[in-house]
Protein chains: 2
Amino acid sequence: MMMHFDLAQTAPAAPAPVPCQDASFCQRCDVRARAICGTLEEDDRAALNRLGRRVTVQAGQTVMWEGDDATIVANVIEGTLKLSASTGDGREQIVGVVYPSDFIGRPFGRSTPHSVTALTDARLCLFTRGAFDGFARTHPELGHRLLQRTLDDLDRARAWMLLLGRKNAREKIATFLLDMSHRLAGEGAGPLDSFALPLSRQQVADVLGLTIETVSRQMTDMKRAKIIDLPNRRTVEILDRDQLSCLAEAA
Amino acid sequence: MMMHFDLAQTAPAAPAPVPCQDASFCQRCDVRARAICGTLEEDDRAALNRLGRRVTVQAGQTVMWEGDDATIVANVIEGTLKLSASTGDGREQIVGVVYPSDFIGRPFGRSTPHSVTALTDARLCLFTRGAFDGFARTHPELGHRLLQRTLDDLDRARAWMLLLGRKNAREKIATFLLDMSHRLAGEGAGPLDSFALPLSRQQVADVLGLTIETVSRQMTDMKRAKIIDLPNRRTVEILDRDQLSCLAEAA
DNA sequence: GCCCCCTTTTGACAGAGGACAAGGACAGTC
DNA sequence: GACTGTCCTTGTCCTCTGTCAAAAGGGGGC
């Protein structure tokens, strides 16, 4: 928590950050339509583009530290990252998982409320917070997209509070697996019946407020009950979605 | 959850909603400076004023139901309300507590993600969501204030996720009491050492993901340890703030 | 193909907090 | 002042999940 983010330090093996001077960067961007920059006019987007730069982060690298000054924000282009908070004695809670087209960082704020760490290798479109804040203040469409996204995030966070405060281990796991099967599906696609978890067992535990042992036991139980299959460590197959939905609400 | 909010029905004894036609309503408004309408120009605020109406709700009344269509939003002028979510079998989790100058409702969304219920008698400045959304879209300052407030709410929700997922009962109670002593203090004032809880023991339990018995036991223990005093059911006095802070982090 | 390390699973046990039950305190009403 | 309903506290027991420990499994490197 004392460490400060330094791109040169935390991404030594990655290609040097590439300034987004080239307007074609955005044109070729996979997530542009879904990201907050999606509705900007052509020249506005070019202007925003000039403020940002592409960076690559490797799995495990931390992009922002909880409590640090909020100096950067970013769009996720590719990869999955976790948002996490911890107690003084090291217990960790994952407070969010972000996917391509999501926005990370704390605009209009002094300090970063939680750490951001890459779960997989990832690509970001990075802005200094000051530059982004100024741009957002003068471009209401951008602010509005950010508002809608933040309202959605808040709804999701509050739904997760119900899970953390009131659901038992079995319900938590079932809810989590169903959530993943939806979140990992592509734009407009239905929920996936087979997917690769971007999280280790320990990270699943940190999302659900459980221990790794409880996560493992519950998943094994569901496998034995033929509700899911676990062909390898990271793959989950939902065999009986109805029953899983049932477990998610009341075990 | 099937019931629909109807002012005439849920506030029968309250004075009829008063249209805010009179511009002096806002001029006399206690929370204007802190609410999202605080930075609007005089004529914009008058225009917003014409869209809204004042309503009174009594303690215990539910203003919006989880899952209902999102048809209204409001500023809280006076009183305290809870935001709550529940599982199918009736377990409840309070996902937020709102105070004067806070904003409630789900703008730019189809359905209300959680119920809103008055904990004390309250006064609201109420808008239909459609009218508010339209106004916010054409008044970026308002959208920006709403964005900042939503970002703050999201930070708070995520901090609470750490509490729900990773803290034990003693830490939860200590954190809760410290939070209350700050939130109940007036604008700019320091934390209160003595305050009246707006929540019953059951509601405290619903905020913290505990049972009423555990809340009662932990608070009694802290009283015995002379860390707090509980002169009556609703009053809390913090006798040893340092030790309470200590308990909040690691019990 | 083999080895090693790290993650995951499984087992045994303990403890925090939940469930149930009963008693006590307080506010409002008559 | 007595009554009554509601909220809160206290007691007892039990279970779910955490803790500690060890074994098993898988993937990467050689």
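Bear in mind the structure is a predicted one, so any value in this text is a computation, not a measurement. Order of the sequence lines sets the chain letters (A, B, ...), proteins ahead of strands, with each chain counted from 1.
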Rounded distance in Å - [atom1] ([X]) to [atom2] ([N]):
{"X": "A:Leu197", "N": "C:dT8", "atom1": "CG", "atom2": "C1'", "result": "13 Å"}
{"X": "A:Gln202", "N": "C:dT9", "atom1": "CD", "atom2": "C1'", "result": "14 Å"}
{"X": "A:Asp221", "N": "C:dT8", "atom1": "CG", "atom2": "C1'", "result": "15 Å"}
{"X": "B:Ile212", "N": "C:dA19", "atom1": "CD1", "atom2": "C1'", "result": "13 Å"}
{"X": "A:Asn232", "N": "D:dA24", "atom1": "CG", "atom2": "C1'", "result": "16 Å"}
{"X": "B:Lys223", "N": "D:dT9", "atom1": "NZ", "atom2": "P", "result": "8 Å"}
{"X": "B:Lys167", "N": "C:dA16", "atom1": "NZ", "atom2": "P", "result": "18 Å"}
{"X": "A:Leu164", "N": "D:dT17", "atom1": "CG", "atom2": "C1'", "result": "15 Å"}

Tell me which nucleotide among [options] gets nearest to the side chain of [X].
{"X": "A:Ala169", "options": "D:dT17, C:dT9, C:dA19", "value": "D:dT17"}
{"X": "A:Thr211", "options": "D:dT19, D:dG11, D:dC8", "value": "D:dT19"}
{"X": "A:Glu213", "options": "C:dG18, D:dG27, D:dA21", "value": "D:dA21"}
{"X": "B:Leu210", "options": "C:dT10, C:dG18, D:dT17", "value": "C:dG18"}
{"X": "B:Arg233", "options": "C:dG18, D:dG11, C:dA25", "value": "C:dA25"}

Using heavy-atom distances to pick each residue's nearest nucleotide on DNA chain D, tell me which of B:Ser216 and A:Val215 is more 5'. B:Ser216

With DNA chain D as reference, determine whether B:Leu199 or A:Gln218 sits nearer its 5' end, using the nearest nucleotide of each. B:Leu199

Distance below 4.0 Å between B:Thr214 side-chain N/O and C:dG18 OP1 or OP2: yes

Closer than 4.0 Å, any side-chain N/O of A:Thr220 to the OP1 or OP2 of C:dT8? no

Residue pairs meeting salt bridge (charged side-chain N to carboxylate O under 4.0 Å, His left out), one or both in residues 189-209 of chain A, sequence neighbours left out, come to A:Asp193-A:Arg241, A:Asp206-B:Arg166

Would you mind listing every salt bridge (charged side-chain N to carboxylate O under 4.0 Å, His left out) that reaches into residues 222-239 of chain A, with sequence neighbours excluded? A:Asp221-A:Arg224

With nearest nucleotides of DNA chain C determined for A:Arg166 and A:Arg234 from heavy-atom distances, which residue corresponds to the more 5′ nucleotide? A:Arg234

Heavy-atom distance under 4.5 Å between the side chains of B:Leu83 and B:Val116, does that happen here? yes

Side chain proximity check, B:Phe176 to B:Val215, heavy atoms < 4.5 angstrom: no

For A:Asp89 and A:Thr87, which I'm curious about, is there any donor-acceptor pair between the side chains at under 3.5 Å? yes

On the side chain of A:Arg217, is there an atom forming a donor-acceptor pair with the base of D:dT19 - under 3.5 Å, no angle test? yes

When all nucleic acid strands are considered with a 4.0 Å heavy-atom cut-off, which category describes B:Arg201: base, sugar-phosphate, or nothing? sugar-phosphate

